[in-house]
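Here's the structure we're looking at; comments come further down.
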Amino acid sequence: MNYWLFKSEPDAFSIDDLKSMKGKKDHWDGIRNYQARNLMRDEIKKGDMGFFYHSSCQVPGIVGVVEVVKEAYPDHTAWDPESSYYDPKSSEENPRWVMVDVKYRQKYEQVITLEYLRTLDELDGMVLLKKGSRLSIQPVTESHWTLISSLSR
DNA sequence: GCCAACGTTGGC
DNA sequence: GCCAACGTTGGC
């Protein structure tokens with residue numbers, strides 16, 4: 001099993017939004033970055049777990065956990081001219097972008113803040129903490145996953 | 001709101 | 001295929 005980190009701006013889509021969806025699950029649409037797309041297309045498997053990360057907000061950090069419940073399939077928002085994720089170069093015949101489905105698993109009582117994560121020597125090398133890192137879907141190592149998960153207790 | 005870092009585009 | 005210009009991300 002592999003571990004991931006999914007970034008979202010809570011103003012656009014928060015962990016509470018996910019929790020309130022029917023079945024507590026939703027498709028992770030709107031990814032328009034090739035590196036993140038390739039991770040979804042090639043690496044992210046059903047049953048994988050992910051941290052839900054809130055970015056571009058007052059207190060950026062990890063707010064909870066999701067599970068991947070459906071593997072990559074075409075992102076239909078790319079075909080919708082009304083959508084802000086519209087990409088005329090993507091078609092139903094030849095989809096350029098994909099998404100996966102994730103399901104809410106838990107919300108932490110307290111945000112594990114980016115500020116706090118930066119203080120932990122054990123997280124050296126974590127993609128999230130690298131300077132200039134802005135990948136919206138990131139791999140997380142098992143040891144980092146285990147450590148961060150233990151912080152929520 | 002600023003701005004550093006990064007990704008993408010397109011002319012050559 | 002290079003790289004300047006531009007657009008975006010995201011912490012602060």
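The sequence lines fix the lettering, A, B, ..., with proteins before strands; numbering per chain opens at 1. FYI, side chains are in, hydrogens and waters are out, and symmetry mates aren't considered; it's all heavy atoms of this structure.
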**Prompt:** Rounded to whole angstrom units, what separation is found between the CD1 atom of A/Ile31 and the C1' atom of B/dG7?
**Reply:** 14 Å
**Request:** Could you tell me whether the side chain of A/Met49 reaches within less than 4.5 Å of the side chain of A/Val68, counting heavy atoms only?
**Result:** no
**Message:** Does C/dT8 have its OP1 or OP2 closer than 4.0 Å to a side-chain nitrogen or oxygen of A/Tyr85?
**Reply:** no
**Request:** Quick one: closest heavy-atom pair of A/Cys57 and A/Pro60, and the distance?
**Result:** O-CD, 3.6 Å
**Item:** Parallel, tilted or perpendicular: rings of A/Trp145 and A/Phe51 (30°, 60°)
**Value:** parallel
**Message:** Can you measure A/Leu117 atom CG to C/dC12 atom P for me and round it to whole angstrom units?
**Reply:** 11 Å
**Separation of C/dG11 C1' from A/Leu129 CG (nearest whole Å)** = 13 Å
**Request:** Grab the CZ-C1' distance between A/Phe13 and C/dG10 for me, whole Å please.
**Result:** 20 Å
**Request:** Measure the distance from CD on A/Glu9 to P on C/dT9 and round it to the nearest whole Å.
**Result:** 7 Å
**Rounded distance (Å) that lies between atom P of B/dA5 and atom CG of A/Asn33** = 19 Å
**Message:** Can you see whether A/Asp87 engages A/Trp97 through a side-chain donor-acceptor pair at a distance of less than 3.5 angstrom?
**Reply:** yes
**Prompt:** To the side chain of A/Lys7, which of C/dG10, C/dG11, B/dG7 is closest?
**Reply:** C/dG10
**Prompt:** Of all the choices, C/dC12, B/dC6, B/dT8, which nucleotide is nearest to the side chain of A/Arg134 once you look at every atom?
**Reply:** B/dC6
**Fill in**
Considering only heavy side-chain atoms of A/Lys89, the closest of B/dC6, B/dT9, C/dG11 is B/dT9
**Item:** Among C/dG11, B/dA5, B/dG7, the one nearest A/Gln35 by side-chain distance
**Value:** B/dG7
**Item:** side chain to side chain donor-acceptor pair (under 3.5 Å) evaluation trace for A/Arg37 with A/Ser136
**Value:** CA-CA 10 Å; A/Arg37 179 203 66 180; A/Ser136 52; over 6 Å; no
**Message:** Please report the distance, rounded to the nearest Å, between OH in A/Tyr116 and P in C/dC12.
**Reply:** 17 Å
**Request:** Look at the side chain of A/Lys131 and decide which nucleotide, out of C/dG10, C/dC12, B/dA5, has an atom nearest to it.
**Result:** B/dA5
**Spacing of A/Leu128 atom CG relative to B/dC6 atom C1', expressed in whole Å** = 15 Å
